[in-house]
Amino acid sequence: MTKSMTRTVLTILMYAGVAVFLFPYFTGRISTGVIFMIVGAGATVVFGILRCYLTEGDCGRIPHHSRDW
């Protein structure tokens with residue numbers, strides 16, 4: 001799979017996690033929404049980090065070339 005295709009798929013999955021997170025609010029079932037919120041937030045974070053590391057290339061540590069003070 002190419003880098004742009006991977007970026008597109010991971011972006012769609014990331015926004016799908018947001019949709020799962022917001023699903024209880026749209027359906028009016030807030031009391032049972034804790035599981036949806038945990039799964040949605042977890043999927044959004046995981047797919048967002050994967051997108052960053054696999055396609056962006058700027059998610060590594062910042063090198064220190066001098067002292068911190």
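The analysis underlying the following values was restricted to heavy atoms, covering all of them including side chains, and did not include hydrogens, waters or symmetry mates.
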**OP:** Could you list all the salt bridge (Lys or Arg N to Asp or Glu O under 4.0 Å) pairs where at least one residue sits in residues 5-28, not counting sequence neighbours?
**Re:** Arg7-Glu56
Subject >> Listed once per pair and sorted, the salt bridge (Lys or Arg N to Asp or Glu O under 4.0 Å) pairs that draw on residues 34-48, sequence neighbours left out >> reply: none
Subject >> Same apolar cluster (I L V M F W Y, side chains within < 4.5 Å links), Val45/Ile38 >> reply: no
Subject >> With sequence neighbours excluded, residues passing side-chain hydrogen bond (donor to acceptor under 3.5 Å, both in side chains) with Thr11 >> reply: Arg51
Using a 3.5 Å cut-off and no angle test, enumerate the donor-acceptor pairs between side-chain atoms of residues 12-26 and protein atoms at least two apart in sequence or in another chain.
none

**OP:** Kindly state each residue pair satisfying side-chain hydrogen bond (donor to acceptor under 3.5 Å, both in side chains) with at least one member in residues 35-50, sequence neighbours excluded.
**Re:** none
